[in-house]
Amino acid sequence: MITPETRAEIRRLYYAEHWKVGTIASTLSVHADTVRRAIESERFNLKGGRPRPRQIDPYVPFMKATLERYPRLCATRLHDMLKERGYPGGIAQVRRTVRHLRPARKREAYLRLSVLKGEQAQVDWGSFGKVSIGKGQRLLSCFVMVLSWSRAVHAVFTLDQTLESFMRGHVEAFGYFGAVPREILYDNLKSAVLERRGDAIRFQPRLLELAGHYHFAPRPVTPARGNEKGRVERHIQYLRTSFFAARRFRDVDDLNAQFRQWRNDKAHARLVPGEVELTVADALEQEREAMLSLPEHALSCELLRPTRSGKTPYVRFDRNLYSIPHELVRQPVTLAVTHETLRVLDGAREVARHRRSYDTKAVVEDPAHIVGLLEHKRAARLSKGRDRLRDAVPETDAMFEELALRGENLGTNTARLLRLLDEYGVEEVRDAVRCAVAKEAFGAGSVAHILEQRRRARGQAPPIAVTLPDRPGVKELRLSPHRLEQYDDLAKDDDISAP
């Protein structure tokens with residue numbers, strides 16, 4: 001680049017003094033090409049008196065007609081069309097020609113939009129990347145509502161863009177403003193508009209429920225007209241650059257708390273655009289008087305979802321498992337979920353409440369559910385053990401009836417009798433139980449004493465307890481013992497058959 005003074009000097013030396021290009025370049029310490037551009041020699045000194053023909057020249061009329069019909073047609077597609085018609089050149093010359101032939105886009109002029117106090121708010125989602133939580137990652141989003149007159153803003157950072165978070169953002173914004181705008185502008189996002197054909201719009205039913213509860217009118221903007229909700233889009237950009245950039249936070253709750261402090265200290269301390277003394281905070285106080293009053297009760301934003309558990313007492317929601325009472329296994333239940341809690345409902349009755357987790361593959365348990373399951377399993381094992389005793393030694397029924405009348409621990413007696421059954425066998429334990437009942441010596445201790453006396457009288461070694469590995473299903477295995485005389489009979493048969 002040269003200054004206007006240098007350019008004027010070059011043209012004076014060339015056209016008035018008739019200096020040569022090289023002389024001017026060396027005298028003014030500039031490049032010769034710079035001198036040629038300044039004197040515009042290409043305009044007047046064409047080689048041979050006319051431009052050199054190009055390969056693409058025969059195809060220019062076709063390109064011009066095509067671009068008039070399809071102004072946004074890309075150069076690569078146009079190059080393919082030319083090759084089909086015999087063009088031998090490359091894409092570079094096509095691109096250069098398209099730059100000159102493409103019709104200039106008409107720039108639309110926009111009216112400056114103005115609104116009355118309390119008349120309008122604008123809403124949109126903003127994306128703020130990803131955050132790591134536990135074993136997984138979540139998308140960090142921000143719900144933003146801006147009052148169009150005062151520029152007051154409320155934002156809620158969330159880990160999703162679900163319809164429930166969308167409604168929660170409205171409810172919290174209305175609570176902060178202390179009033180409701182008369183209409184709210186939306187982009188054509190699915191949380192607001194399910195379907196649109198021209199002016200025919202089908203709104204999201206939950207949004208209509210929200211609008212009916214707070215008495216505002218939802219208004220979707222015209223497609224591809226970002227200027228109609230420019231206030232909220234500028235605020236999202238303002239959040240990215242002035243608040244979120246390089247900010248550290250522990251979790252989403254901490255980020256929302258930091259936003260509220262930043263909004264009060266900085267965002268609402270700014271002047272309203274076009275005003276010289278009115279701050280956003282003062283303008284909000286004035287606008288609140290023109291807005292609609294809040295209803296007596298806030299609208300519930302809980303997500304209700306029917307579900308049921310599998311074999312285990314847990315229900316799955318949003319990548320994680322939550323415990324439920326074991327009685328409800330494989331039974332239909334309803335989940336009522338907010339951004340903080342997850343409730344499990346059996347009909348209208350709440351049977352479980354957990355803090356919602358945003359981790360991945362986490363297991364959230366209530367200790368009471370685990371204790372209840374263990375007690376149920378213990379009672380089931382006790383009942384199963386009594387059934388086994390009743391089948392092997394029916395005489396234990398009379399013993400347990402007496403133990404129950406005396407208030408003795410039936411579980412301890414059952415467990416000990418089962419061990420004796422494994423150590424001594426069915427016949428020995430049956431005789432010992434009959435003897436104990438006859439002597440009115442009720443209890444597993446009395447049966448064990450009788451068995452020990454008989455073992456010593458026969459001079460037998462004490463039974464050795466077998467320690468089984470702690471694997472599922474091993475300790476539940478039951479083997480029927482055989483009489484030892486059967487093994488002696490087998491040995492006798494071998495001796496007879498031997499030669």
Side-chain angles (χ1 to χ4, degrees), residues 1-4 6-8 10-11 14-15 20-22 24-26 28-110 124-130 137 139-141 161 187-190 193 195-198 220-230 232-234 236-237 240-241 245:
M1 291 292 292
I2 56 175
T3 62
T6 303
R7 183 175 182 277
I10 291 173
R11 295 178 66 84
Y14 183 81
Y15 289 109
K20 294 184 178 181
V21 171
I24 298 174
S26 61
L28 300 181
S29 300
V30 296
H31 198 277
D33 290 343
T34 304
V35 176
R36 294 189 185 95
R37 284 194 295 271
I39 63 178
E40 299 178 326
S41 60
E42 293 82 358
R43 293 179 56 186
F44 309 105
N45 298 314
L46 298 177
K47 295 181 180 180
R50 56 183 178 181
R52 180 181 176 184
R54 302 176 301 169
Q55 289 180 320
I56 202 170
D57 287 344
Y59 303 93
V60 169
F62 170 76
M63 295 174 63
K64 186 175 182 180
T66 303
L67 288 173
E68 287 177 355
R69 289 189 61 191
Y70 307 101
R72 306 315 307 163
L73 190 68
C74 62
T76 54
R77 175 64 184 130
L78 195 56
H79 178 245
D80 292 338
M81 297 172 69
L82 293 179
K83 287 178 65 178
E84 293 174 359
R85 289 161 175 79
Y87 172 64
I91 185 66
Q93 199 170 23
V94 176
R95 286 198 174 104
R96 285 194 295 268
T97 307
V98 166
R99 268 190 225 110
H100 297 290
L101 296 179
R102 191 187 299 279
R105 296 182 63 181
K106 294 182 179 180
R107 301 295 179 179
E108 184 177 358
Y110 296 102
D124 204 356
W125 281 109
S127 297
F128 286 78
K130 296 181 178 180
Q137 287 188 328
L139 294 175
L140 181 63
S141 302
Q161 291 189 11
D187 203 347
N188 291 276
L189 67 167
K190 288 298 182 182
V193 178
E195 189 177 8
R196 180 169 189 161
R197 295 289 185 273
V221 300
T222 307
R225 293 298 182 100
N227 67 303
E228 295 185 10
K229 61 180 189 63
V232 67
E233 291 184 349
R234 286 193 294 271
I236 291 175
Q237 185 63 26
R240 286 198 178 99
T241 56

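- You'll find the side chain of I56 stays beyond 4.5 Å of the side chain of R96, heavy atoms only.
- Taking the charged nitrogens against the carboxylate oxygens, D80 and K83 have no contact shorter than 4.0 Å, which rules out a salt bridge.
- Across every non-hydrogen atom of P220 and V193, the tightest pair is CB-CG2, 3.9 Å.
- A38 and I10 get closest at one heavy-atom pair: CB-CG2, 3.9 Å.
- Panel note: side chain Y15, backbone I39; a donor-acceptor pair is recorded below 3.5 Å.
- A distance-only check finds a donor-acceptor pair linking the side chain of H79 to the backbone of G89 [under 3.5 Å].
- Put simply, the side chain of R7 never gets that close to the backbone of I2: no donor and acceptor are under 3.5 Å apart.
- In terms of modelled atom types and a separation under 3.5 Å, the side chain of R102 and the main chain of P71 share a donor-acceptor contact.
- Proximity of Q161 to L139: side-chain heavy atoms (C-beta onward) are nowhere separated by under 4.5 Å.
- Across all non-hydrogen atoms, the minimal contact from L67 to L73 is CD2-O, 4.1 Å.
- Residues T97 and R54 are in side-chain contact: their nearest non-hydrogen atoms beyond the backbone lie under 4.5 Å apart.
- I91 and A75 get closest at one heavy-atom pair: CD1-O, 3.6 Å.
- You'll find the side chain of T76 reaches within 4.5 Å of the side chain of R95, heavy atoms only.
- For CZ of R69, the number of neighbouring non-hydrogen atoms (other residues, nucleotides, ligands) closer than 6.0 Å is 12 at most.
- Between V21 and Y14, the shortest heavy-atom contact is CG2-CE1, 4.2 Å.
- Note: L82 CG to M63 CE = 5.5 Å, rounded to the nearest 0.5 Å.
- Two residues are said to be in side-chain contact when any heavy atoms from C-beta on lie closer than 4.5 Å; Y70 and R77 fail this criterion.
- Taken from CG in D124 to CD1 in I236, the straight-line distance is 4.5 Å, to the nearest 0.5 Å.
- Panel note: side chain Y59, backbone Y87; a donor-acceptor pair is recorded below 3.5 Å.
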